[in-house]
Structure formats: C-alpha cells, structure tokens
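For reference, positions follow the sequence shown, starting with 1. Keep in mind that the numbers below use all heavy atoms, side chains included, and drop hydrogens, waters and symmetry copies.
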Amino acid sequence: MTSFAEITTMGVGGFIEQFVEPTTRVGVIEAIEEADSKNLPLCVIGGGSNILASDEPFEGVVVRDTRRNITVPDEAAPVEGGDTTVHVNAEAGCNWDDFVDFCVGLGLEGVEGLSGIPGTVGASVVQNIGAYGQDVSRTVESVEVWDRADKKTKELSNADLHFGYRTSALKSSMYVAPAVPAAHFFPSPRFIVLSVTFALHHSNEGTVSYAQLAKALGVELGARLPIRDIRNAVLHVRGQKGMLEDATRYRLPAMQDTKRPANVREAIEQQVKHADCAGASSEACVAANVEALDGEQDYDYNRHSCGSFFMNPILTQGQADKLPEDAPRFQAVLPDGSKGVKTSAAWLIDHAGFHKGYRINDHAHASVSPLHTLALTNRGGATSGDIMALARTVRDGVEVQFGVRLVPEPVLIGLSID
C-alpha cells in the first residue's frame with residue numbers, strides 16, 4: 001500500500017486506501033469520475049511537492065497521471081524575421097523540470113527561470129508557479145481540463161484561468177478563503193488539468209530579470225544571455241538555498257519512472273555538487289559521490305520540504321506602513337484588483353526570531369531550513385504533527401511581532417493550521 005510519505009517531497013503522510021495511476025486521457029477522467037460518483041475524497045497529485053498530508057490513513061482515492069508526452073504543434077524553428085512564437089503542448093503528468101529542459105534544448109525562451117521547481121506541468125498552472133522573474137501565467141496559452149461539476153472536458157484560455165500570485169481559477173475552486181478548504185472540491189480542484197499549451201519564443205537567449213540571478217551570473221539586470229546559462233544559474237542558486245528537491249527520491253519504488261532517467265542523473269549530479277562537494281566542481285568528486293548514492297536515498301534533509309511553506313503576504317498600504325522601514329516592499333495587486341504592497345515572508349520570519357535552523361526544541365524532528373527561512377524541513381522521522389506545530393509557532397510569532405498573518409502555501413490534507 002502506498003503512503004503520502006512515499007510520494008511527497010516532505011516525506012510525511014499516511015497510507016492511501018486507493019492509489020491509481022492512469023496511463024491514458026480517458027483513464028484519468030474515468031478514475032476521477034469513479035471517485036466522484038462514490039463521493040470519495042479525491043486527491044489528484046503531481047510531484048507531491050506542494051502537499052502536506054496527515055499521518056492518518058487517507059480513506060479516498062489518489063490519482064497520479066502517468067502521461068508525460070510533450071509535443072510541438074508548430075515548426076520548432078520559425079522563419080527568420082517572422083513570428084517567433086512556438087506552441088508546446090505537455091500532458092499534465094509530465095515532470096515540470098523535464099518540460100523546462102526540453103524547451104531549453106529546443107531553444108525556446110520563456111520558462112528557463114522556472115528550472116528546478118519540483119512538480120508536474122498540471123500542478124504548475126494550478127499554483128501559477130513562479131521564480132526568478134518568470135511565472136507560468138506569462139506563457140500559458142490554454143489548458144484542457146475535466147470539469148468535475150459539468151462532467152465534460154473544457155478548453156480554458158489564459159484569461160479564463162484568472163492567474164494571480166500563486167493562484168488561479170483552478171486553485172480558487174478548492175477554497176472559500178485563503179487556506180480554508182471548500183466543502184466540495186478539496187483537496188483537488190473542480191477543474192482537473194489534462195494538458196497545457198504554452199506559447200514560447202524561439203530564441204537562444206533569455207532576459208535576466210531578477211537581481212539575485214543577475215548577481216549569480218555577474219551581469220546587469222536585464223542582460224540577455226543564453227537560456228542554457230540562465231537555467232544552469234537558476235539550478236545553482238536554488239541548490240545553494242536547498243530549494244532543489246532530493247533527486248534520489250526518484251529511485252524509490254513509488255516514484256520510479258515519474259522523471260526522465262537522464263534528467264534524474266543530471267539532478268543527482270547537481271545535488272551532489274551543492275551538498276557533498278561544498279560547491280567544488282571537480283568531476284572526480286562529483287563522480288565519486290554520485291556512485292556512492294547509487295541504489296540509496298540521499299539524506300540531505302534540507303531538501304525534504306514543501307519548498308516555500310508560506311506565501312509572501314500582499315498587504316494594503318496601511319498594513320505595509322506599519323512594518324519596519326527596512327522591511328521589503330514591492331508593488332502588487334490585492335485580490336479585489338486594487339493596489340497593494342507585497343512583502344517577504346522570509347524576512348518576516350527571520351526578523352520575528354525564527355532564524356535558519358530554528359527548532360521548537362533541541363530534539364524536534366522538524367526545523368526551519370538551515371539554508372532558507374521560508375522552508376520548513378523534515379529532519380528525519382518527523383510527523384505531520386511535528387511540521388504543523390512548527391508552522392503554527394512561526395505563523396503566530398510573525399503575527400505577534402508584525403501583525404501579519406502568514407498563509408500556508410501547501411495543500412493541507414487532513415490537517416489545519418488553525
């Protein structure tokens with residue numbers, strides 16, 4: 001029997017009563033329909049990087065789409081001087097970083113800044129993933145979904161998806177308020193992603209549009225560089241923060257064949273450079289450590305997380321004015337469409353006293369990442385209760401210190417932070 005602990009990056013969660021892995025589009029729809037017809041709890045899971053599940057058994061159905069094809073309906077090399085747009089379609093179960101690597105390999109600009117983000121193509125549009133100056137909403141043209149309410153497939157345009165900061169119409173269908181699950185469609189949206197069509201641009205160069213990335217590359221913000229160089233730099237920066245997943249998880253029986261083998265090997269090599277070789281580039285060092293990992297799972301616990309556990313708060317101007325002068329402030333849009341101010345959850349957490357490596361006590365199995373204050377990590381043997389106790393402590397401490405209530409980013413299954 002499969003457990004959430006085996007198929008999530010946090011590595012916690014109870015056994016699943018029914019785990020289904022359809023291999024066809026029809027099979028995905030049928031699995032969803034069968035669960036809905038029996039009124040069973042349904043979780044459609046991607047890479048498991050944005051889920052924190054209870055240690056109690058999940059008495060429902062978990063569906064993991066095994067379709068991973070990527071196709072290019074257009075010519076991959078547009079006529080010189082013409083429209084450089086290239087459409088790429090990917091099935092929902094495709095590993096996200098496999099997709100990015102595929103696009104970079106074809107010389108397609110638009111997603112290279114999203115390298116190294118765990119998960120799948122289907123999950124990427126639900127969450128509107130973003131990093132280093134890019135987010136999915138800028139490149140998605142349309143999404144084919146199964147509508148669980150109307151019981152038919154639909155084609156949703158970019159406008160239909162109502163993308164926002166770490167949200168979409170898909171994600172919104174799961175909640176009645178931030179982090180408050182809807183009674184009907186939870187923990188999976190009303191609209192289940194079947195495939196996504198992206199509109200990218202044929203170019204061997206991309207724009208460096210994030211200051212931290214520009215610094216890592218040693219260039220000015222806005223510089224144009226080869227997209228392969230940008231991808232490699234993003235992977236390096238993410239690795240230094242512990243924000244790359246544990247690539248050796250793909251050797252676990254429950255995770256095998258969910259990522260392309262060549263990319264698994266490349267990801268492990270990237271992991272070893274940051275974890276075991278302390279940034280050294282010696283090929284001998286990397287090769288030795290990769291060989292040592294063969295057949296084993298890595299125990300770099302900094303990677304055993306849900307990534308960013310809390311979303312960056314978007315505040316009214318009045319709320320932002322109450323923050324210390326040195327608190328980060330960025331222009332943003334509030335849910336009602338009015339102007340807001342986004343601040344950094346990582347900054348709030350750190351300045352509320354929850355520094356890198358913070359634990360509730362010396363023996364706690366969960367901690368704030370020693371590399372990044374926005375990640376909560378399973379240090380080995382943590383339970384979902386351990387993670388939630390840490391999350392509540394951090395959230396409450398930030399609220400007391402700054403009057404800002406942080407909202408969890410992961411989908412909490414069988415758990416509540418309140």
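In this structure, Tyr132 and Tyr210 have perpendicular ring planes: the angle between them is above 60°, well past the 30° mark. The aromatic rings of Phe58 and Phe4 lie perpendicular to each other, with more than 60° between the two planes, well past the 30° mark. Relative ring orientation between Phe354 and Tyr358 is described as perpendicular, the plane-to-plane angle rising above 60° on a 0-90° scale split at 30° and 60°.
Side-chain contact between Asn263 and Asn95: absent, with no pair of heavy atoms (C-beta onward) separated by less than 4.5 Å. Put simply, the side chain of Arg303 does not reach to within 4.5 Å of the side chain of Arg249, judged on heavy atoms. The shortest side-chain heavy-atom distance between Arg224 and Ser203 falls under the 4.5 Å cut-off. Contact annotation: the side chain of Ile117 approaches that of Arg238 to within less than 4.5 Å [non-hydrogen atoms, C-beta and beyond]. With a 4.5 Å cut-off on side-chain heavy atoms, His355 and Thr373 do not count as touching.
Under a cut-off of 6.0 angstrom, the local environment of OH in Tyr175 is crowded, with over 12 non-hydrogen atoms contributed by other residues, nucleotides or ligands.
Rounding to the nearest 0.5 Å places CH2 of Trp146 at 7.0 Å from OG1 of Thr153. Between atom CG of residue Leu225 and atom CD of residue Glu112 there is a gap of 10.5 Å, rounded to the nearest 0.5 Å.
Residues Asp418 and Arg395 are paired through a salt bridge, judged by an N-O separation under 4.0 Å between the basic side chain and the carboxylate.
Scanning for side-chain contact (heavy atoms from CB on, under 4.5 Å) contacts around Ala169 gives His162, with sequence neighbours left out. Take Arg228 and apply the salt bridge (charged side-chain N to carboxylate O under 4.0 Å, His left out) test, not counting sequence neighbours, and it matches Asp101. Partners of Asp147 according to the side-chain contact (heavy atoms from CB on, under 4.5 Å) rule, which considers only residues two or more places apart in sequence or in another chain, are Ala149, Asp150, Lys154, Arg190, Phe191.
Screening Asn89, Thr71, Asn158 for a side chain to side chain donor-acceptor pair (under 3.5 Å) with Thr197, the sole residue that qualifies is Asn89.
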